[in-house]
Every structure is written in structure tokens, then in C-alpha cells.
Trainee: 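Sharing a structure below in C-alpha cells format, with a few things to ask.
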Amino acid sequence: LAEMKLILLSSLAPTTKILQETDIDMMDSLWVGKGFVAHYNGNNKKIDRFNSEKGLFTGLGSSTYRNAIIENVHIHSGKVAGGENHIAGIVSAPSFGIIRNCINRADIINTLIEGSIANNTAGIAGNSGTSAIGLTITNCVNYGKIVGNTFTAGIVANVQGVHISG
């Protein structure tokens with residue numbers, strides 16, 4: 001958990017490379033992700049008892065930082081549950097970069113709340129947005145249950161300008 005908090009609390013330069021060295025037990029603590037512009041390699045280590053309202057990260061890349069990478073992440077157990085517009089296991093709203101070799105086993109449950117349409121719900125990436133011309137998702141798989149309203153899918157819910165393979 002401390003390793004994940006380090007990611008959350010740090011302002012990372014786009015050239016930063018993070019390697020997950022051990023399995024992480026999130027202990028069902030509420031995780032509040034943030035946008036990510038660096039390189040995160042989960043090293044195929046497990047993240048257990050993951051609990052979030054949006055996902056591991058809320059965004060990937062930006063118009064300034066287009067080379068962000070999230071790879072080899074394995075969310076082994078947990079849930080992402082909330083009434084947000086974009087929720088997913090790995091990245092709720094990616095724009096630029098690469099998501100590859102990721103596995104999600106957490107249940108993704110988007111609940112309707114007043115004034116929300118609760119769409120863009122997926123196991124890997126929620127909404128790619130209209131500016132996701134440079135986003136690639138490769139060799140990712142979802143085993144978790146997905147519950148949403150519209151634009152609900154196992155890998156990516158709303159595809160706009162995304163290259164998906166594997």
C-alpha cells in the first residue's frame with residue numbers, strides 16, 4: 001500500500017519509470033487514483049483487495065505528455081464501484097500512451113446516481129475521449145464482472161481513435 005501511495009502523492013516527471021517489485025495488498029482501503037504521465041510496470045505482480053470509485057488511474061497521458069505507459073498490471077481482486085461517468089479497472093479516462101499486458105479481475109460496478117448517466121464502464125479503460133488519437137491498448141484481458149448503463153464493455157467502453165490489438 002505504501003508503494004501505491006508513493007505513486008499517488010508524487011509529482012512524477014514523464015521520464016520516470018516505476019517497477020512494482022512485490023504483490024500489493026490494498027486492504028480494501030479506498031484508492032483515489034490520479035492522472036498518470038510516466039511509465040508504470042506492474043511486473044505481473046498482483047494488486048489484491050483493490051477498492052476505488054474510478055480506477056487505478058483516472059487518466060493516461062496528456063496533450064503535452066503523449067508517451068505514458070502502463071504495462072503488466074494485474075488487479076487480482078477487488079472492486080471499482082461508483083456513479084461516475086468514466087470508471088474502469090486500470091484507467092478511467094485515458095487520452096494518450098500505451099496500456100499493454102494488463103489483467104483486471106476486479107468487479108466494475110457503475111451505479112446510477114441522480115443527475116448521472118453512468119456510462120463508459122469497462123474492465124481496462126472507460127472512455128478514450130475524442131482526443132485519444134495516440135492511445136494503444138494491447139494484450140489486455142478482463143475477468144471481472146462489469147455492470148453499467150451505456151457504453152459498457154470488458155476492455156474499453158467508448159472507443160474513439162484508439163488502436164486495440166491482442
Side-chain angles (χ1 to χ4, degrees), residues 1-12 20 24-38 40 42 46-63 65 68 70-71 73-100 102-137 140-162 164:
L1 186 57
E3 187 174 318
M4 293 304 289
K5 286 184 178 181
L6 177 65
I7 295 167
L8 178 65
L9 299 174
S10 298
S11 294
L12 301 173
Q20 182 177 329
I24 298 172
D25 184 349
M26 301 291 284
M27 300 181 291
D28 289 320
S29 296
L30 182 62
W31 174 257
V32 180
K34 67 174 192 172
F36 191 74
V37 296
Y40 185 81
K46 296 177 186 175
I47 298 174
D48 278 308
R49 296 195 295 170
F50 181 69
N51 178 19
S52 176
E53 294 176 349
K54 300 248 339 158
L56 186 60
F57 299 103
T58 58
L60 178 66
S62 70
S63 59
Y65 305 114
I70 296 174
E71 64 182 341
V73 172
H74 183 180
I75 298 179
H76 187 253
S77 65
K79 69 176 186 256
V80 177
E84 299 287 336
N85 192 26
H86 315 296
I87 70 171
I90 308 297
V91 185
S92 60
S95 294
F96 298 96
I98 297 170
I99 303 170
R100 66 179 166 223
C102 293
I103 300 169
N104 175 61
R105 294 180 187 276
D107 291 337
I108 314 297
I109 302 166
N110 204 336
T111 57
L112 291 173
I113 58 173
E114 192 172 326
S116 172
I117 55 175
N119 62 14
N120 302 317
T121 307
I124 303 298
N127 180 14
S128 65
T130 57
S131 62
I133 297 166
L135 178 65
T136 300
I137 300 173
C140 294
V141 64
N142 175 69
Y143 295 106
K145 176 174 70 173
I146 309 293
V147 177
N149 188 16
T150 59
F151 301 110
T152 301
I155 303 299
V156 61
N158 191 351
V159 178
Q160 299 177 28
V162 178
I164 301 173

Trainee: Tell me, please, which residues at least two apart from Arg49 pass salt bridge (charged side-chain N to carboxylate O under 4.0 Å, His left out).
Mentor: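 Asp25.
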
Trainee: Hey, could you give me the CD1/NZ distance between Ile108 and Lys54, rounded to the nearest 0.5 Å?
Mentor: 12.5 Å

Trainee: Please determine, by modelled atom types, if Asn104 and Asn142 share a side-chain donor-acceptor pair under 3.5 angstrom.
Mentor: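 A donor-acceptor contact under 3.5 Å links the two side chains.
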
Trainee: Side chains of Val147 and Thr121: does their closest heavy-atom pair fall under 4.5 Å?
Mentor: no

Trainee: Report yes if some heavy atom in the side chain of Val80 is under 4.5 Å from a heavy atom in the side chain of Trp31; otherwise report no.
Mentor: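 Side-chain contact under 4.5 Å: no.
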
Trainee: Compare every heavy atom of Leu135 with every heavy atom of Pro94, then report the nearest pair and how far apart it is.
Mentor: CG-CD2, 3.6 Å

Trainee: Which pairs pass salt bridge (charged side-chain N to carboxylate O under 4.0 Å, His left out) with one or both residues in residues 145-154, sequence neighbours excluded?
Mentor: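 Qualifying pairs, neighbours excluded: none.
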
Trainee: Can you check whether Asn51 reaches Met26 side chain to side chain, under 4.5 Å on heavy atoms?
Mentor: no

Trainee: Compare every heavy atom of Ala157 with every heavy atom of Phe151, then report the nearest pair and how far apart it is.
Mentor: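 Answer, listing the atom of Phe151 first, then Ala157: O-CB, 2.8 Å.
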
Trainee: Which residue is it: Ile90, Ile124, Ile99, Ile137? I am looking for the one with a side-chain contact (heavy atoms from CB on, under 4.5 Å) to Val156.
Mentor: Ile137

Trainee: Between Ser92 (side chain) and Ile87 (backbone), is there a donor-acceptor pair under 3.5 Å?
Mentor: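 Not at all, since once roles are kept as given, no pair shorter than 3.5 Å links the two residues.
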
Trainee: What distance separates Lys79 NZ from Asp107 CG, expressed to the nearest 0.5 Å?
Mentor: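 Going from the NZ atom of Lys79 to the CG atom of Asp107 covers 9.5 Å.
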
Trainee: Work out which heavy atom in Ile146 is nearest to a heavy atom in Gly123; give both atom names and the distance.
Mentor: CD1-N, 3.5 Å

Trainee: Under the rule for side-chain contact (heavy atoms from CB on, under 4.5 Å), what residues qualify as partners of Ala38, not counting sequence neighbours?
Mentor: Leu12, Thr16, Phe36

Trainee: Under the side chain to side chain donor-acceptor pair (under 3.5 Å) test, which residues partner Glu53, sequence neighbours left out?
Mentor: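 Testing Glu53 for side chain to side chain donor-acceptor pair (under 3.5 Å), a comparison that skips the adjacent residues, returns none.
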
Trainee: Within this structure, what is the CZ-SG distance for the pair Arg100 and Cys140, rounded to the nearest 0.5 Å?
Mentor: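 Spacing of CZ (Arg100) from SG (Cys140) equals 10.0 Å.
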
Trainee: Mind checking what makes side chain to side chain donor-acceptor pair (under 3.5 Å) contact with Asp48, not counting sequence neighbours?
Mentor: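 Here the qualifying residues are His76, Ser77.
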
Trainee: How close do Cys102 and Ile70 get, heavy atom to heavy atom, and via which atoms?
Mentor: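 Cys102 and Ile70 have their closest heavy atoms at SG-O, 4.0 Å.
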
